[in-house]
Engineer: 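Sharing a structure here in structure tokens format.
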Number of protein chains: 2
Amino acid sequence: MRKLGLVPTIQRLAVLEYLENNHTHPTAEEVYQGVRDQFPSLAKATVYNVLDALKKAGGIQELTIAREAARYDYNPSPHPHFLCRVCGNLYDVDLPCSIRPGDEICGHLVEVAQVYLHGICVQCQKQNSQNKNESKTGVRRSSVSTKRRDDAGAP
Amino acid sequence: MRKLGLVPTIQRLAVLEYLENNHTHPTAEEVYQGVRDQFPSLAKATVYNVLDALKKAGGIQELTIAREAARYDYNPSPHPHFLCRVCGNLYDVDLPCSIRPGDEICGHLVEVAQVYLHGICVQCQKQNSQNKNESKTGVRRSSVSTKRRDDAGAP
DNA sequence: TATCCATATTAGAACTATTATAAACTTAGA
DNA sequence: TCTAAGTTTATAATAGTTCTAATATGGATA
């Protein structure tokens with residue numbers, strides 16, 4: 001924390017530890033809920049402050065891939081992200097970005113480069129084809145959840 | 001409009017025409033203000049509805065590069081965008097995207113691919129070096145605006 | 001042209017993520 | 001320990017977007 005030039009408060013350490021243990025790209029709300037279990041006095045504004053401070057210090061990165069809420073990635077190095085429109089899971093994609101910070105594009109100086117992909121993740125594609133096959137043979141099962149799973153994470 | 005499978009109402013035509021004439025990637029609010037000049041009865045909810053309908057029909061694209069508000073691009077084909085953190089202008093970048101709709105990445109099916117770049121645009125870099133030189137020679141001028149300019153647009 | 005139905009628009013309220021505010025509290029250095 | 005700067009807290013305020021229900025419109029049909 002001191003390497004980042006930040007005063008190491010218990011709130012900041014708790015938030016950073018939560019992100020370290022949860023590579024699910026949680027929202028500020030989810031960080032708040034998660035950290036508050038072991039830290040009931042935590043204020044939501046503090047979570048926003050801490051996430052902002054960590055982001056500005058380069059310790060984490062903020063993802064604005066979903067309009068509803070920002071998500072946070074413990075890994076600050078630039079890499080593409082994939083958001084599944086069926087389950088809502090957000091995956092890291094292990095590909096080098098073609099445009100990197102420091103590059104010049106049309107004369108513009110690039111400081112941050114984000115690649116956001118939207119579509120259907122590998123698991124939801126499988127689920128979907130399974131459901132189709134099962135409906136052909138008369139087997140029924142509950143439909144694929146459209147809500148985000150709590151155990152979401154990188155593959 | 002009919003090509004997009006949408007009923008061509010005057011509201012939809014007005015919004016689409018505004019986007020056609022303003023390649024500044026306006027927000028919903030800016031579209032609302034701009035269209036309302038010639039269409040005082042327009043409701044803001046209609047602007048949201050229309051932008052959403054156009055987006056879903058593939059006639060325009062929605063950009064979530066800035067957390068504050070979505071922006072809209074008359075050009076629906078995928079290309080990178082650059083947001084200047086000094087003037088707030090949003091520029092189209094004429095580079096082919098390395099990842100395109102239809103691709104598979106780590107098994108995930110890509111439907112939409114967005115490349116968002118943040119930094120300092122070519123004009124603001126020039127302004128900044130000008131100001132530095134002038135301050136050396138004692139010449140003063142007002143600092144670079146941090147607010148978005150109304151004549152913003154692609155170069 | 002008149003009628004009808006599905007769809008679109010309107011105005012305003014409601015919702016939600018985020019930011020601002022001001023007081024109380026920590027941290028770290030003298 | 002004392003102090004100044006920075007941080008946390010609780011709450012209010014803000015702003016973008018969505019929801020609701022009543023009204024209006026487009027366009028197919030008779």
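Each chain gets a letter, A, B and so on, in the order the sequences are listed, and its residues count up from 1.
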Engineer: Checking B:T9 now: which residues fulfil side-chain contact (heavy atoms from CB on, under 4.5 Å) with it, not counting sequence neighbours?
Structural biologist: B:V7, B:Q11, B:R12

Engineer: Can you check whether A:V115's main-chain N or O pairs, donor with acceptor, with B:Q114's side chain at less than 3.5 Å?
Structural biologist: no

Engineer: I need the B:Q125 CD to B:Q127 CD distance, nearest 0.5 Å.
Structural biologist: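 Reported to 0.5 Å precision, the distance equals 11.5 Å.
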
Engineer: Answer with base, sugar-phosphate or nothing: what part of the nucleic acid does A:A69 contact at a heavy-atom distance below 4.0 Å?
Structural biologist: sugar-phosphate

Engineer: Applying ring-ring contact (aromatic ring centres under 6.0 Å, His included), can you list everything that pairs with A:F82, at least two apart in sequence or on another chain?
Structural biologist: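 If we apply the ring-ring contact (aromatic ring centres under 6.0 Å, His included) test to A:F82, skipping adjacent residues, the hits are B:H108.
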
Engineer: Specify the residues of residues 51-65 of chain B, ordered by number, for which at least one heavy atom lies under 4.0 angstrom from an atom of DNA chain D.
Structural biologist: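 Hits under 4.0 Å, by residue number: none.
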
Engineer: Walking along DNA chain C from 5' to 3', note the first and the last nucleotide with an atom under 4.0 Å from a heavy atom of chain B, and give both.
Structural biologist: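 Here the contact window of chain B covers C:dA8 to C:dT19.
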
Engineer: ring-ring contact (aromatic ring centres under 6.0 Å, His included) with A:H118: which residues, sequence neighbours excluded?
Structural biologist: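 By the ring-ring contact (aromatic ring centres under 6.0 Å, His included) rule, A:H118 matches no residue at all.
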
Engineer: So if you build clusters from Ile, Leu, Val, Met, Phe, Trp, Tyr with side-chain heavy-atom gaps below 4.5 Å, do B:V31 and B:L4 land together?
Structural biologist: yes

Engineer: Any chance you could lay out the side chain to side chain contact (heavy atoms under 4.5 Å, CB included) test for B:E17 and B:V35, step after step, and finish with the verdict?
Structural biologist: CA-CA 9 Å; B:E17 189 181 12; B:V35 175; over 6 Å; no

Engineer: For A:H23 and A:D73, what are the C-alpha separation, side-chain angles and deciding distance, and is it a side chain to side chain donor-acceptor pair (under 3.5 Å)?
Structural biologist: CA-CA 7 Å; A:H23 290 193; A:D73 190 341; over 6 Å; no

Engineer: Return a table of donor-acceptor pairs under 3.5 angstrom between the side chains of residues 95-104 of chain B and protein atoms on other chains or two or more places apart.
Structural biologist:
from, atom 1, to, atom 2, distance (Å)
B:D103, OD2, B:R100, N, 2.9

Engineer: Identify, with sequence neighbours excluded, every residue that meets side-chain contact (heavy atoms from CB on, under 4.5 Å) alongside B:K44.
Structural biologist: B:E29, B:Y32, B:Y48

Engineer: Check residues 53-63 of chain A and write down every donor-acceptor pair under 3.5 Å in which the side-chain atom is one partner and the other belongs to a residue at least two apart or another chain.
Structural biologist:
from, atom 1, to, atom 2, distance (Å)
A:K55, NZ, A:D52, OD1, 3.4
A:K55, NZ, A:E62, OE1, 3.3
A:K56, NZ, A:D52, OD2, 3.0
A:Q61, NE2, A:N75, O, 2.9
A:Q61, NE2, A:S77, O, 3.0
A:E62, OE1, B:R67, NH1, 2.8
A:E62, OE2, A:Y72, OH, 2.9
A:E62, OE2, B:R67, NH1, 2.5

Engineer: Hey, does the side chain of A:Y116 reach the backbone of A:T64 with a donor-acceptor pair shorter than 3.5 angstrom?
Structural biologist: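 Such a contact is found between A:Y116 side chain and A:T64 backbone.
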
Engineer: Using the heavy-atom set of chain A and a strict 4.0 Å cut-off, write down the first and last nucleotide of DNA chain D that makes it in, 5' to 3'.
Structural biologist: D:dT7 to D:dT18

Engineer: Check every strand shown and say whether A:E68 touches a base, only sugar-phosphate, or nothing at a heavy-atom separation below 4.0 Å.
Structural biologist: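 Answer is sugar-phosphate: A:E68 comes under 4.0 Å of backbone atoms only.
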
Engineer: Name every residue in residues 6-21 of chain B that has at least one heavy atom under 4.0 Å from any atom of DNA chain C, in order of residue number, or write none if there are no such residues.
Structural biologist: B:T9, B:Q11, B:R12

Engineer: Give me each pair satisfying salt bridge (charged side-chain N to carboxylate O under 4.0 Å, His left out) with a member in residues 107-123 of chain B, each pair once, sequence neighbours excluded.
Structural biologist: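 Non-adjacent pairs meeting salt bridge (charged side-chain N to carboxylate O under 4.0 Å, His left out): A:R85-B:E111.
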
Engineer: Tell me the bend of the helix from C:dT1-D:dA30 to C:dA30-D:dT1 as the angle between end helix axes, each from five pairs, rounded to the nearest 10 degrees.
Structural biologist: 30°

Engineer: Which residue lies toward the 5' end of DNA chain C, B:V50 or B:R67, if each is placed at its nearest nucleotide?
Structural biologist: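 Between the two, 5'-proximity favours B:V50.
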
Engineer: Have B:H25 and B:D92 got a donor and an acceptor in their side chains that come within less than 3.5 Å?
Structural biologist: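 Result is yes, a qualifying pair exists.
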
Engineer: Does the pair A:N22 and A:E30 meet the rule for a side chain to side chain contact (heavy atoms under 4.5 Å, CB included), with working shown?
Structural biologist: CA-CA 10 Å; A:N22 294 274; A:E30 288 167 331; over 6 Å; no

